[in-house]
Amino acid sequence: QVQLRESGGGSVQAGGSLRLSCAISGGTFSTLSMGWFRQAPDKERERVAAIMWNGDRTYYTDSVKGRVTISRDNAKKTLYLQLDSLTPEDTAVYYCNLVDSSHAYRPLGSWGQGTQVTVSS
């Protein structure tokens, strides 16, 4: 069973940057397409970015394009999300998950604890 552990969140001022990490255990990471999701207070969880198992294709939701970069290190079994030019609207709990690249990158696995990102103006 795949287990996910997110880290790297924190509190930053608008315009700042953070790098989130997601360590995966219990699965063959190099064969898994992965994604980042976030959930802001009183809002539905939304998909932020996704990356194919081999890294050759990525997806970004419109609101983060140009500010966010998803990447992966298959040797370290770790997924990353670089967040730049952060705004208060990026405040949320961020989660990683396996995704179905054939069906709009919908999440497939169980959710981890997530990591909190708070951006102040």
Side-chain angles (χ1 to χ4, degrees):
Q1 183 176 352
V2 175
Q3 293 184 320
L4 309 167
R5 187 175 77 250
E6 303 91 345
S7 63
S11 297
V12 298
Q13 290 190 327
S17 297
L18 285 171
R19 189 192 195 202
L20 308 184
S21 298
C22 171
I24 293 90
S25 60
T28 307
F29 179 67
S30 61
T31 67
L32 302 173
S33 294
M34 300 292 299
W36 284 98
F37 300 78
R38 67 185 179 186
Q39 187 166 20
D42 300 322
K43 291 189 177 181
E44 298 278 328
R45 183 147 37 200
E46 66 169 342
R47 182 180 51 239
V48 176
I51 187 167
M52 292 289 286
W53 63 273
N54 58 1
D56 71 346
R57 192 165 77 226
T58 56
Y59 161 87
Y60 298 96
T61 195
D62 286 345
S63 62
V64 305
K65 283 180 180 177
R67 303 188 297 115
V68 167
T69 304
I70 188 171
S71 62
R72 62 191 295 158
D73 186 330
N74 285 350
K76 294 182 178 180
K77 300 182 72 173
T78 303
L79 178 73
Y80 302 100
L81 190 70
Q82 177 68 40
L83 302 169
D84 297 315
S85 302
L86 285 162
T87 74
E89 288 70 36
D90 295 314
T91 295
V93 179
Y94 284 70
Y95 302 87
C96 61
N97 209 333
L98 289 64
V99 297
D100 184 347
S101 59
S102 299
H103 292 89
Y105 301 106
R106 64 183 178 91
L108 291 176
S110 300
W111 297 104
Q113 300 268 4
T115 186
Q116 175 72 47
V117 171
T118 303
V119 185
S120 57
S121 58

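Looking at Gln116, Arg45, Gln113, Glu6 one by one, the single match for side chain to side chain contact (heavy atoms under 4.5 Å, CB included) with Val93 turns out to be Gln116.
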Verdict with reasoning, Ile24 to Thr78, per side-chain contact (heavy atoms from CB on, under 4.5 Å): CA-CA 6 Å; Ile24 293 90; Thr78 303; 5.8 Å; no
Going through the checks in order, is the side-chain contact (heavy atoms from CB on, under 4.5 Å) test met by Asp90 and Leu83? CA-CA 9 Å; Asp90 295 314; Leu83 302 169; over 6 Å; no
What do the steps show when you test Thr58 against Thr69 for side-chain contact (heavy atoms from CB on, under 4.5 Å), and what is the final call? CA-CA 9 Å; Thr58 56; Thr69 304; over 6 Å; no
Working note: Lys76 + Phe29, criterion side-chain contact (heavy atoms from CB on, under 4.5 Å); need CA distance, chi angles, decisive distance, verdict. CA-CA 9 Å; Lys76 294 182 178 180; Phe29 179 67; over 6 Å; no
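Side-chain contact between Thr61 and Arg47 is absent, with no heavy-atom pair separated by less than 4.5 Å. You'll find the side chain of Leu98 reaches within 4.5 Å of the side chain of Met34, heavy atoms only. Counting heavy atoms from C-beta outward, Leu18 and Leu81 have side chains that stay 4.5 Å or more apart. In this structure, the side chains of Tyr60 and Ile70 come closer than 4.5 Å at one or more pairs of heavy atoms. Using a 4.5 Å heavy-atom cutoff, the side chains of Leu79 and Ile51 are in contact.
Distance check: Thr118 OG1 to Gln13 CD gives 13.0 Å after rounding to the nearest 0.5 Å. Rounding to the nearest 0.5 Å gives a distance of 13.0 Å between OG of Ser121 and CG of Leu86. The distance from atom CD of Glu46 to atom OG of Ser63, rounded to the nearest 0.5 Å, is 5.5 Å. Atoms SG and CG, on Cys96 and Leu20 in that order, are 9.5 Å from each other to the nearest 0.5 Å.
Residues Thr115 and Ser7 share a closest heavy-atom pair of OG1-C, 3.8 Å. Across every non-hydrogen atom of Tyr94 and Arg38, the tightest pair is OH-NH1, 2.9 Å. The shortest non-hydrogen separation linking Met52 to Ser33 is CA-OG, 3.5 Å.
With hydrogens and angles ignored, the 3.5 Å screen pairs no side-chain donor or acceptor of Arg5 with any backbone N or O of Ser25. Without hydrogens or angle criteria, Thr28 side chain to Ser30 main chain gives no donor-acceptor distance under 3.5 Å. With Ser85 contributing its side chain and Arg67 its backbone, the two residues share no donor-acceptor pair below 3.5 Å. Judged purely by atom type and a 3.5 angstrom limit, Asp84 has no side-chain atom pairing as donor or acceptor with the backbone of Ser17.
Both Trp36 and Val12 are assigned to one and the same hydrophobic cluster, defined by single-linkage of ILVMFWY side chains at heavy-atom distances under 4.5 Å. The hydrophobic cluster containing Leu108 does not contain Val99, counting ILVMFWY residues as joined when their side-chain heavy atoms lie under 4.5 angstrom apart, directly or transitively.
For Tyr95 and Phe37, the distance between ring centers is not under 6.0 angstrom.
A cation-pi arrangement, defined by a distance under 6.0 Å to the six-membered ring centre and an angle within 45 degrees of its axis, is absent between Arg72 and Tyr80.
When the shell of 6.0 Å around CH2 of Trp111 is examined, it contains more than 12 heavy atoms from other residues, nucleotides or ligands.
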